[in-house]
Asker: 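The structure is given below, and queries will be raised subsequently.
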Amino acid sequence: VQLVESGGGLVQTGGSLRLSCAASTQTFMSLDLGWFRQAPGKKREFVATINWSGGSIYYADSVKGRFTISRDNRKDTVFLQMDSLKPEDTAVYYCAAGSGASTVLNDYDYWGQGTQVTVSS
């Protein structure tokens, strides 16, 4: 399974970005997906996860109400809509795939290369 993120960039505080993660696999519909992020000097942390059907979704408290995860199983793509961005959201964002909509980094088997999100104050 290969995962390729896109959509990162530079945005001002309060702005929005939409990240995409395209998967190259014939088993996309069976995968649970997650978004994580890593800021400079910090550990990679959980952001959001969505199960294979889209029926189970969880968010980190720090992004709840501002970020929305979704998936399009016809296009083998998962999205992260990020609104009301804050400088503390600045990080490299990674998508991940595995079995189990988990908040735990080690539960995911496949990772993308990451996309940089920078929020200016």
Side-chain angles (χ1 to χ4, degrees):
V1 178
Q2 289 188 321
L3 303 170
V4 179
E5 301 97 335
S6 61
L10 174 64
V11 64
Q12 292 185 333
T13 296
S16 298
L17 284 174
R18 189 191 195 205
L19 305 184
S20 300
C21 175
S24 61
T25 176
Q26 295 181 340
T27 61
F28 182 82
M29 285 187 64
S30 68
L31 294 173
D32 300 308
L33 302 161
W35 285 97
F36 289 75
R37 67 186 182 186
Q38 188 167 16
K42 295 188 176 181
K43 293 181 179 180
R44 195 170 298 188
E45 65 176 8
F46 167 75
V47 175
T49 185
I50 184 169
N51 78 329
W52 66 273
S53 69
S56 292
I57 292 174
Y58 302 99
Y59 296 99
D61 287 342
S62 58
V63 307
K64 202 172 294 183
R66 301 187 298 121
F67 290 10
T68 304
I69 189 171
S70 62
R71 64 189 294 163
D72 186 341
N73 286 343
R74 297 168 299 174
K75 297 182 178 180
D76 295 347
T77 302
V78 61
F79 304 98
L80 186 69
Q81 177 66 41
M82 305 186 296
D83 299 318
S84 302
L85 282 161
K86 305 175 181 180
E88 51 263 44
D89 294 319
T90 296
V92 177
Y93 283 72
Y94 299 88
C95 70
S99 54
S102 173
T103 64
V104 178
L105 185 149
N106 288 340
D107 286 345
Y108 290 86
D109 302 310
Y110 307 100
W111 291 84
Q113 83 289 348
T115 186
Q116 177 70 47
V117 171
T118 303
V119 184
S120 64
S121 56

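Bear in mind that the values here come from a model prediction, so they are computed numbers and not experimental data. Computed over heavy atoms, backbone and side chain alike; hydrogens, waters and symmetry mates excluded.
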Asker: So, Thr13 side chain and Ser120 main chain: donor-acceptor pair closer than 3.5 Å or not?
Answerer: yes
Asker: Does any N or O in the side chain of Asp32 come within less than 3.5 Å of the main-chain N or O of Ser99, such that one atom is a donor and the other an acceptor?
Answerer: no
Asker: Please write out which residues are connected to Val63 in a hydrophobic cluster, directly or through intermediates, given that two of Ile, Leu, Val, Met, Phe, Trp, Tyr count as joined at side-chain heavy-atom separations below 4.5 angstrom.
Answerer: Val1, Leu3, Val11, Leu17, Leu19, Phe28, Leu31, Leu33, Trp35, Val47, Ile50, Ile57, Tyr59, Phe67, Ile69, Val78, Leu80, Met82, Leu85, Tyr93, Tyr110, Val117, Val119
Asker: Determine the minimum heavy-atom distance between Lys43 and Gln38, stating which atoms define it.
Answerer: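 Distance-wise, the nearest heavy atoms are C-CG, 4.1 Å.
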Asker: Can you tell me how far CG of Leu10 sits from CD of Gln116, rounded to the nearest 0.5 angstrom?
Answerer: 9.5 Å
Asker: Could you give the distance from OG (Ser53) to CE (Met29), rounded to the nearest 0.5 Å?
Answerer: 9.5 Å
Asker: Do Ser62 and Arg37 have side chains that get closer than 4.5 Å, going by heavy atoms?
Answerer: yes
Asker: Would you mind checking if Lys64 and Asp61 are paired as a salt bridge, meaning a charged N to carboxylate O distance below 4.0 Å?
Answerer: yes
Asker: Leu105 vs Trp111, test: side chain to side chain contact (heavy atoms under 4.5 Å, CB included). Steps then yes/no.
Answerer: CA-CA 10 Å; Leu105 185 149; Trp111 291 84; 3.7 Å; yes
Asker: Does Asp83 have any side-chain hydrogen bond (donor to acceptor under 3.5 Å, both in side chains) partners at least two apart in sequence or in another chain, and if so, which?
Answerer: Ser16, Gln81
Asker: Might you point out which heavy atoms bring Arg71 and Asn73 nearest each other, and give the distance in Å?
Answerer: NE-OD1, 2.7 Å
Asker: Has the side chain of Thr77 got a donor or acceptor atom that lies under 3.5 Å from a matching backbone atom of Lys75?
Answerer: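 Yes, Thr77 side chain to Lys75 backbone: donor-acceptor pair under 3.5 Å.
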Asker: Looking only at atom types and distance, does a side-chain atom of Gln113 sit under 3.5 Å from a main-chain N or O of Val4, one as donor and one as acceptor?
Answerer: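 A pair under 3.5 Å: no.
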Asker: Could you grab the distance from atom CD of Glu5 to atom SG of Cys95, nearest 0.5 Å is fine?
Answerer: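 So the gap between those two atoms works out to 4.0 Å.
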Asker: With a 3.5 Å distance limit and no angle check, can you tell me whether Arg44 reaches the backbone of Val92 through a side-chain donor-acceptor pair?
Answerer: no
Asker: Between CG of Asn51 and OG of Ser30, what distance do you get to the nearest 0.5 Å?
Answerer: 11.5 Å
Asker: Ring centres of Tyr108 and Phe36 under 6.0 Å apart?
Answerer: yes
Asker: Please list, chain by chain and in numerical order, all residues satisfying side-chain contact (heavy atoms from CB on, under 4.5 Å) with Gln2, sequence neighbours excluded.
Answerer: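 In terms of side-chain contact (heavy atoms from CB on, under 4.5 Å), with neighbours along the sequence ignored, Gln2 is linked to Ser24.
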Asker: Hey, does Ser102 have a side-chain heavy atom less than 4.5 Å from the side chain of Thr49?
Answerer: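 No - every pair of side-chain heavy atoms lies 4.5 Å or more apart.
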Asker: Can you see which heavy atom on Ala48 is nearest to which on Phe46, and at what distance?
Answerer: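 The answer is C-CE1, 3.3 Å.
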